[in-house]
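We name chains A, B, ... by the order of the sequence lines, and we start the count at 1 in each one.
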Amino acid sequence: MTRTIALIDVNNFYVSCERAFNPRLKYQPVVVLSNNDGCVISRSNEAKALGIKMGEPWFKCQAMARQYGVEALSSNYALYADMSNRVMSILADFSPHQEVYSIDECFLELTGFAQKDLIAYGQLMKTRIFKWTGLPVCVGVGATKTLAKIANNIAKKNIKFNGLCNLSNIKHEELNHLLHAMEAGEVWGVGRQLALKLKARGIDTALDLKRADPVYIRQSFGVVMEKIVHELNGTLCIDLEEVAPPRKQILSSRSFGDAVSDYQSLAASITLYMSRAAEKLRGQQSVASVIQVYIRTSPFKLDQAQYSNSMTIPLPTPTDDTRQLVKMALWALKRIYKPHYSYVKAGVSLGDLISKASMPLDFFTSPDSSDRSTALMRTVDRINAKMGRESIKLASEGFDRSWQMKQGNKSPNYTTSWEQILCVKDKAFSF
DNA sequence: TACTCCATATGAT
DNA sequence: CTAACGATCATATGGAGTA
């Protein structure tokens with residue numbers, strides 16, 4: 001049976017979240033910056049029109065942006081995550097089969113819907129999401145995830161589609177016409193390098209890729225690209241993943257507000273990042289068998305002495321206990337740390353994750369002590385969930401936070417903090 | 001020879 | 001005033017080491 005899959009994607013997600021709560025930002029050029037106010041990661045259409053590029057370092061366009069009155073906001077992930085949850089739960093009502101693909105987009109299975117109803121159904125999604133959250137979305141429909149992605153892309157780019165594009169119902173020539181107008185590099189799964197490689201073989205457009213010989217593609221590019229070719233031809237190869245599989249790796253890293261050189265700051269940051277990673281680990285009921293710690297100077301400062309190093313430590317017994325994980329991480333840090341360098345970033349990762357339930361009993365750890373660890377961690381997690389992050393933390397996180405990232409212009413947590421909502425009220429009513 | 005392990009590259013958002 | 005360039009996940013790949 002031919003399938004029908006929709007891809008719903010919020011337009012300029014982070015900027016749109018900010019606008020939903022701050023109408024002053026409407027019709028203005030607005031950008032949202034990455035952590036540490038480093039790069040542009042979301043742009044309003046007005047900001048795009050000014051030529052501000054995705055991923056551009058903010059300091060490079062700051063002067064120009066000031067000239068045009070561009071609003072630049074620090075990213076507020078608490079707000080975006082909450083808004084994302086609202087959108088996803090609204091969309092879940094439109095189909096029993098949903099794959100949450102990223103913070104701002106999801107696939108819905110619409111197989112079996114009458115073609116004549118699809119557009120109206122998509123329109124209903126758009127209006128309902130806008131009414132209930134204030135966020136604008138585009139809907140793309142196709143026979144495969146790859147085609148749904150393309151449909152969404154087309155809906156976003158051409159105003160005449162009104163934010164809605166159904167490729168599952170159009171004539172072959174018409175589809176081919178649209179694919180011909182699209183570069184191969186814009187197809188989902190084809191990045192810069194692969195686009196170059198394709199171009200070298202005479203495959204320039206999405207239509208060229210669709211018409212390429214799958215056998216040849218498999219030989220020169222591998223299975224992944226072959227699947228893309230099939231998907232472009234309407235044969236489903238990449239199915240919906242409704243239940244998110246547990247992560248195989250958990251990473252926590254951050255750039256510092258200002259470079260640091262002292263061991264103490266690095267140790268504090270590593271403790272914090274490992275604590276975060278361990279929370280995530282317990283959240284998905286896994287234990288880690290390997291940890292990695294790394295620190296590095298800025299690769300962009302070519303005039304400065306460079307140093308970057310990492311250490312990977314296999315754990316004797318897999319664990320999810322923050323205390324053990326931090327202990328090992330600091331042990332590793334001590335070994336790779338060298339004084340006198342200007343470090344700009346540190347991070348940890350947890351690897352070889354296995355389900356906690358399937359973990360074999362360890363000969364050297366008594367079941368009793370392992371139960372106590374689990375109970376303690378669960379209690380800490382619950383207290384922190386209820387009373388706020390870091391209500392309970394390890395002392396090695398320290399109290400001096402001078403190294404923490406810059407967030408010069410962050411909006412209030414409109415949806416997750418009463419205190420900050422009240423603060424907004426005061427502002428709004430002080431004429 | 002075939003597999004595992006590891007670092008690196010690439011892609012997505 | 002100055003200096004200022006993200007985070008997190010997945011998979012592919014190729015070489016080195018190993019059974």
**Q** Using atom CZ of A:Phe59 as one end and atom P of C:dA3 as the other, report the distance to the nearest whole Å.
**A** 12 Å
**Q** With a cut-off of less than 4.0 Å, is there a side-chain N or O of A:Lys345 near OP1 or OP2 of C:dC5?
**A** no
**Q** Within 45° of the axis and under 6.0 Å from the centre of the six-membered ring of A:Phe107, does NZ or CZ of A:Lys145 qualify?
**A** yes
**Q** Just call it for A:Lys406: base, sugar-phosphate, or nothing, with non-hydrogen atoms closer than 4.0 Å on any strand.
**A** nothing
**Q** Checking side chain to side chain contact (heavy atoms under 4.5 Å, CB included) between A:Gln98 and each of A:Leu240, A:Leu108, A:Asp93, which is the one that passes?
**A** A:Leu108
**Q** Check the distance between C:dC1's C1' and A:Asp258's CG and give it to me in whole angstrom.
**A** 14 Å
**Q** Hey, does A:Asp37 reach any base, or is it just sugar-phosphate, or nothing, if we go heavy atoms under 4.0 Å?
**A** nothing
**Q** For C:dT8, does either OP1 or OP2 sit under 4.0 Å from a side-chain N or O belonging to A:Ser253?
**A** yes
**Q** Using a cut-off of strictly less than 4.0 Å, decide whether A:Ser255 has a side-chain nitrogen or oxygen near OP1 or OP2 of C:dG6.
**A** yes
**Q** Using atom names, set out every protein N or O paired with an N or O of nucleotides 9-12 of chain B below 3.5 Å, distance rounded to 0.1 Å.
**A**
| unit_1 | atom_1 | unit_2 | atom_2 | d |
| --- | --- | --- | --- | --- |
| B:dG11 | OP1 | A:Gln193 | N | 3.1 |
| B:dG11 | OP1 | A:Leu194 | N | 2.6 |
| B:dG11 | OP2 | A:Arg192 | N | 3.4 |
| B:dG11 | OP2 | A:Gln193 | N | 3.1 |
| B:dA12 | OP1 | A:Gly189 | N | 2.8 |
| B:dA12 | OP1 | A:Val190 | N | 2.9 |
| B:dA12 | OP1 | A:Val190 | O | 3.2 |

**Q** Could you check how far CD of A:Gln284 sits from P of C:dT8, rounded to whole Å?
**A** 14 Å
**Q** Mind calculating the distance between CG (A:Asp303) and P (C:dA3) to the nearest angstrom?
**A** 11 Å
**Q** Generate the contact string for nucleotides 9-19 of chain C. Rules: B means base contact, S means sugar-phosphate contact only, - means no protein heavy atom under 4.0 Å.
**A** SSSS-------
**Q** Take atom CG of A:Asn35 and atom P of C:dT8, then tell me their distance rounded to the nearest Å.
**A** 7 Å
**Q** For A:Glu226 and A:Tyr216, which I'm curious about, is there any donor-acceptor pair between the side chains at under 3.5 Å?
**A** no
**Q** Side-chain donor-acceptor pair under 3.5 Å between A:Asn76 and A:Ser411, yes or no?
**A** yes
**Q** Checking side chain to side chain contact (heavy atoms under 4.5 Å, CB included) for the pair A:Arg323/A:Met377: CA distance, chi angles, key distance, verdict?
**A** CA-CA 9 Å; A:Arg323 297 165 302 171; A:Met377 288 302 123; 3.8 Å; yes
**Q** What's the verdict on side chain to side chain contact (heavy atoms under 4.5 Å, CB included) for A:Val40 and A:Lys53, showing C-alpha distance, side-chain angles and the deciding distance?
**A** CA-CA 7 Å; A:Val40 174; A:Lys53 295 278 175 286; over 6 Å; no
**Q** Given atom CG of A:Leu350 and atom P of C:dT8, what is their separation to the nearest angstrom?
**A** 12 Å
**Q** Please state the C1' separation for the pair B:dA12 and C:dG6 - nearest whole angstrom.
**A** 14 Å
**Q** Rounded off to whole Å, could you give me the OH-to-C1' distance for the A:Tyr294 and B:dA7 pair?
**A** 15 Å
**Q** Apply side chain to side chain contact (heavy atoms under 4.5 Å, CB included) to the pair A:Asp381 and A:Glu279, showing each step before the final yes or no.
**A** CA-CA 7 Å; A:Asp381 287 340; A:Glu279 280 169 16; 3.7 Å; yes
**Q** To the nearest angstrom, how far is A:Glu56 atom CD from C:dG6 atom P?
**A** 14 Å
**Q** Measuring from A:Asn45:CG to A:Gln28:CD, what's the distance to the nearest 0.5 Å?
**A** 13.5 Å
**Q** Is the ring centre of A:Tyr343 less than 6.0 Å from the ring centre of A:Tyr294?
**A** no
